[in-house]
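Reading through the structure tokens given below for one structure.
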Number of protein chains: 2
Amino acid sequence: MIMNGLQNISEIKKCPVQYVLAINDTLNVISGKWKLPILASILYGNYRYKDIQTNIDKITPRMLSKELKELELNGVITRNVYDSTPVRIEYKMTESGKNILTVLDAMVDWGVSHRKSTLKHSD
Amino acid sequence: MIMNGLQNISEIKKCPVQYVLAINDTLNVISGKWKLPILASILYGNYRYKDIQTNIDKITPRMLSKELKELELNGVITRNVYDSTPVRIEYKMTESGKNILTVLDAMVDWGVSHRKSTLKHSD
DNA sequence: ATTTTTACTATACAAAAGTATATCAATATA
DNA sequence: TATATTGATATACTTTTGTATAGTAAAAAT
């Protein structure tokens with residue numbers, strides 16, 4: 001952990017390169033317009049291309065393909081081809097992918113309390 | 001919290017709009033090329049425009065100004081004008097802003113364990 | 001035999017994000 | 001008086017990200 005109730009700046013000075021890389025990895029997985037909707041959709045139970053596309057609805061096939069490929073490449077989801085007839089393709093979260101929910105939890109917590117603290121009624 | 005050791009999908013189905021908004025707020029604060037370097041620099045103790053610019057070094061004044069304005073607008077930092085001579089301007093984290101470290105902690109944790117689980121040596 | 005569904009790809013384009021470079025006004029320093 | 005420093009802004013440009021729209025191949029349904 002970086003922070004555990006830090007009192008002065010000296011405690012924060014140590015930020016190994018590994019941490020920076022880790023943060024960037026995480027950011028890559030969740031940033032962009034469609035990453036979270038896609039992950040949410042798969043977590044929700046939409047495993048097939050068409051299901052995800054229908055569920056998100058404003059996404060273009062180009063974007064969906066692009067993002068699915070990237071998420072697969074990053075080890076967050078898997079693409080499984082079932083050799084049934086007709087051929088079925090299912091995208092599913094990896095075990096590691098599922099754990100991204102812990103990050104989303106932290107984001108929800110901060111976002112909610114930040115909204116409270118700033119009391120912004122105008123967005 | 002969204003997730004507390006969920007076993008089946010039904011547990012995840014409830015995701016209030018508030019949470020989505022909160023996540024987007026959080027993403028806005030940390031995404032983009034320069035947000036985290038700037039926040040890190042301020043947390044590290046660089047409060048003045050020039051200090052931050054020198055510390056980050058490849059950032060252009062246009063980007064630094066733009067991002068500082070946005071971070072201020074989002075209630076993450078404050079811009080304080082000290083009427084000394086010469087006039088001194090200092091950017092500092094708000095209390096709420098400092099708490100973003102909890103999100104970064106979660107991101108580091110996930111990123112590190114995800115790297116371990118995928119063992120990617122090729123980036 | 002024709003249409004529909006699934007799972008995409010291709011091409012062109014628009015918008016957003018970021019870069020490069022020059023400039024500025026106020027004050028301080030040599 | 002000339003130069004440097006601080007805290008920026010202005011303009012033009014490139015790159016990245018996302019949109020719009022059409023098309024495709026393989027199989028299934030009508």
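Letters go in sequence order (proteins before strands), and every chain restarts at 1.
Between the CG atom of B/Leu64 and the C1' atom of C/dA17 there is a distance of 16 Å, given to the nearest Å. Rounding to whole angstrom units, NZ of residue B/Lys50 and P of D/dA4 are separated by 13 Å. Whole-Å rounding puts the A/Lys69 NZ to C/dC8 C1' distance at 8 Å. Atom C1' of nucleotide C/dT6 and atom OH of A/Tyr91 are separated by 11 Å, given to the nearest angstrom. For the pair A/Gln53 CD and C/dT9 P, the interatomic distance rounds to 12 Å; values are reported in whole Å. Nucleotide D/dA8 holds its C1' atom 17 Å from the CD atom of B/Glu70, rounded to whole Å. In this structure, NZ of B/Lys35 is placed 10 Å from C1' of C/dA17, rounded to the nearest angstrom. B/Asn46 places its CG atom 15 Å from the C1' atom of D/dT6, with the value rounded to the nearest Å.
Interface residues of residues 75-83 of chain A facing DNA chain D, ordered by number: none; criterion, heavy-atom separation under 4.0 Å.
When hydrophobic clusters are built by joining Ile, Leu, Val, Met, Phe, Trp and Tyr residues whose side-chain heavy atoms come closer than 4.5 Å, directly or via intermediates, B/Ile56 is grouped together with A/Ile23. If you chain together hydrophobic residues whose side chains sit under 4.5 Å apart, A/Val17 and B/Met107 never meet in one group. Residues A/Val112 and B/Leu21 do not share a hydrophobic cluster, defined by chaining ILVMFWY side chains whose heavy atoms lie under 4.5 Å apart. No continuous path of ILVMFWY side-chain contacts below 4.5 Å connects A/Val20 to B/Leu101, so the two sit in separate hydrophobic clusters.
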Just by protein heavy atoms under 4.0 Å, how would nucleotides 13-30 of chain D read 5' to 3' in B, S and -?
-----BBB-------S--
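With respect to B/Glu70 and B/Lys35, a salt bridge is recorded, a charged nitrogen being found less than 4.0 Å from a carboxylate O. No salt bridge links A/Glu67 with A/Lys69; every basic N to acidic carboxylate O contact stays at or beyond 4.0 Å.
A heavy-atom distance below 4.5 Å is found between the side chains of A/Lys58 and A/Trp34. Side-chain contact between A/Lys92 and A/Ile77 is absent, with no heavy atoms from C-beta onward closer than 4.5 Å.
When each of B/Asn80, B/Leu68, B/Asp51 is tested with B/Tyr91 by the rule side chain to side chain contact (heavy atoms under 4.5 Å, CB included), just one qualifies, namely B/Leu68. Of the residues listed (B/Leu39, B/Ile100, B/Ile38), the one engaging B/Val76 in a side chain to side chain contact (heavy atoms under 4.5 Å, CB included) is B/Leu39, and it is the only one.
Applying the 4.0 Å criterion to OP1 and OP2 of D/dG7, one finds that B/Arg48 has a side-chain N or O inside that range.
Helix-axis bend for the helix from C/dA1-D/dT30 to C/dA30-D/dT1: the local axis fitted to the five terminal pairs at one end deviates from that at the other end by 10°, rounded to 10°.
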Take B/Asp109 and A/Asn99 through the side-chain contact (heavy atoms from CB on, under 4.5 Å) test and state the conclusion after the steps.
CA-CA 10 Å; B/Asp109 290 346; A/Asn99 294 330; over 6 Å; no
